[in-house]
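Everything numeric here is computed off the predicted structure, so don't read it as measured data. Indexing begins at 1, ligand by ligand and atom by atom, following the structure's order. These values consider heavy atoms only, across backbone and side chains, with no hydrogens, waters or symmetry-generated copies.
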Amino acid sequence: MKIQRKLLRQKVSFDFSFLLIKFLNSSLARLFGDDMLLHTYKSFDMELPLVNIKDADYVILGLPYDGTTSYKPGARFGPVLIRQATLNFESYILDYDVDLAEAKIADAGDVALPVSIEEALKVAEETVRELREINPKALPIFLGGEHSMTLAPVRVLKPKSYVVFDAHLDLRDSYGGSKFNHACVARRINELRVEVAIFGVRSGTKEEVDFARKNGIEWIHARDYSFEAFVDIVSTLPEPIYLSIDIDTFDASLVPETGTPEPGGLRFWDVVEALEWLSESREVIGIDIMEVGGEKLGNVTALTGAKLLFYLLGMFEGIKK
Ligand SMILES: N=C(N)NCCCCNCCCN
Ligand SMILES: [Mn+2]
Ligand SMILES: [Mn+2]
């Protein structure tokens, strides 16, 4: 009994100092102009010098949701896994002669999302809107989290086209009892009269293929993917463009911890090459890297997501030079 009581007392005093530090930290942060959004929290900082949201050229925001997962859970850890995996990489990007340590990047943290998908989308939308109010010029980069969450930034940013890399068509009308399931996100976006083009596909139903044909949605199978096909299709799309990368577009060997991994996918450089052309040639108003998941820090999927994030930041920063 005595031992237990002692442990309890220790716990209480630890909690107290922890709270005190937290309070001091947030007061200091406010004093020095750090700008936390209403519904966000921070659980891990990236391995890069960061700036405040209002001063940034790029703002990162995590959407840690996995409530409609159909196979492997863990996408809620995606944003923190990606940030942690950045520790492994140099901030200098060889290919572009760009040092991300000199770029103006803000990390707005992760949105505290409710369990219900409809509610989660609402809170995510509100947060993206808040972000735009603080800094309308910065390029927002969202980290997920299930692909279902992509609907929130698309609703707010209102692009004319949606360019997506994905192993799946995501054109189902409903899945797992919900119209907002991750397997329906391209369909919901298409209903907003946004043009949809999908690359790296190797999974879908007959209904999804028919829906794509009837609605003029172009998609390229992973087996037929080429840079030329990508440029051909994306050149004709109206601007501005929202770019979404469902990490499962990559071969399952590169993303084994994603929610619904598929063998036979794209290589890392296939996607990087396409994005280099896209970032240079077309107007992109928002980007996401979704469906990163798993439970172990430094897992392969997180490394793939974090490396892609660094390349994206590097190429956009490189264009400005
Ligand atoms: N967009 C997605 N990630 N879709 C995945 C759909 C899962 C299909 N499971 C099929 C199971 C059949 N037994
Ligand atoms: Mn998807
Ligand atoms: Mn997918």
Side-chain angles (χ1 to χ4, degrees), residues 63-76 78-79 82 117 120-121 124 142-155 159 161-192 194 196-212 217-223 225 242-268 270-271 274-275 286-294 300-302 304-305 308:
L63 300 169
Y65 185 83
D66 63 6
T68 75
T69 298
S70 56
Y71 189 53
K72 287 201 219 181
R76 72 179 63 191
I82 294 175
I117 177 71
L121 285 168
F142 307 98
L143 306 178
E146 257 181 37
H147 214 175
S148 47
M149 281 296 117
T150 293
L151 189 56
V154 168
R155 277 172 175 169
S161 304
Y162 173 68
V163 170
V164 57
F165 282 90
D166 201 327
H168 308 89
L169 287 169
D170 287 354
L171 288 172
R172 287 175 137 105
D173 189 31
S174 163
Y175 197 59
S178 172
K179 288 202 155 222
F180 298 103
N181 187 283
H182 64 94
C184 312
V185 64
R187 175 109 165 218
R188 295 291 87 81
I189 288 171
N190 178 253
E191 286 169 354
L192 302 172
V194 175
V196 172
I198 316 168
F199 301 91
V201 178
R202 53 212 185 270
S203 169
T205 61
K206 187 164 170 35
E207 289 72 24
E208 286 178 283
V209 173
D210 289 345
F211 182 85
I217 295 172
E218 298 218 60
W219 62 273
I220 300 284
H221 197 292
R223 286 180 85 165
Y225 177 82
Y242 184 93
L243 167 68
S244 181
I245 297 141
D246 180 331
I247 206 80
D248 66 28
T249 196
F250 291 114
D251 187 74
S253 56
L254 275 177
V255 292
E257 294 87 2
T258 191
T260 52
E262 285 274 346
L266 301 188
R267 300 169 314 152
F268 191 74
D270 290 332
V271 175
L275 300 187
I287 301 175
D288 64 42
I289 303 176
M290 306 305 277
E291 297 285 356
V292 171
V300 186
T301 311
T304 304
L308 190 67

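Annotation: ring-ring contact (aromatic ring centres under 6.0 Å, His included) contacts of Phe165 (sequence neighbours excluded): Phe199, Phe230.
To the nearest 0.5 Å, the span separating CG on Leu254 from CG on Asp248 amounts to 12.0 Å.
Near the Mn ion (ligand 2), less than 2.8 Å away, sit the protein N, O or S atoms His147 ND1, Asp166 OD2, Asp170 OD2, Asp246 OD2.
Ring pair His182/Tyr175 is perpendicular by interplanar angle, where above 60° counts as perpendicular and below 30° as parallel.
By the 4.5 Å heavy-atom criterion applied to side chains, Met149 and Leu121 are counted as neighbours. Side-chain atoms of Val292 and Leu143, non-hydrogen and from C-beta on, never get closer than 4.5 Å to each other.
Near ligand 1, residues His168, Asp170, Arg172, Tyr175, His182, Ala183, Thr260 come within 4.0 angstrom through at least one heavy atom.
In this structure, the side chain of Asp66 engages the main chain of Arg76 through a donor-acceptor pair within 3.5 Å. The closest donor-acceptor contact from the side chain of Thr258 to the backbone of Val255 lies at 3.5 Å or more, if one exists at all.
Judged as a salt bridge (Lys or Arg N to Asp or Glu O under 4.0 Å), not a single pair has a partner in residues 252-263 (not counting sequence neighbours).
Exactly one residue among Asp170, Asp173, Asn181 makes a side chain to side chain donor-acceptor pair (under 3.5 Å) with Arg188. That residue is Asp173.
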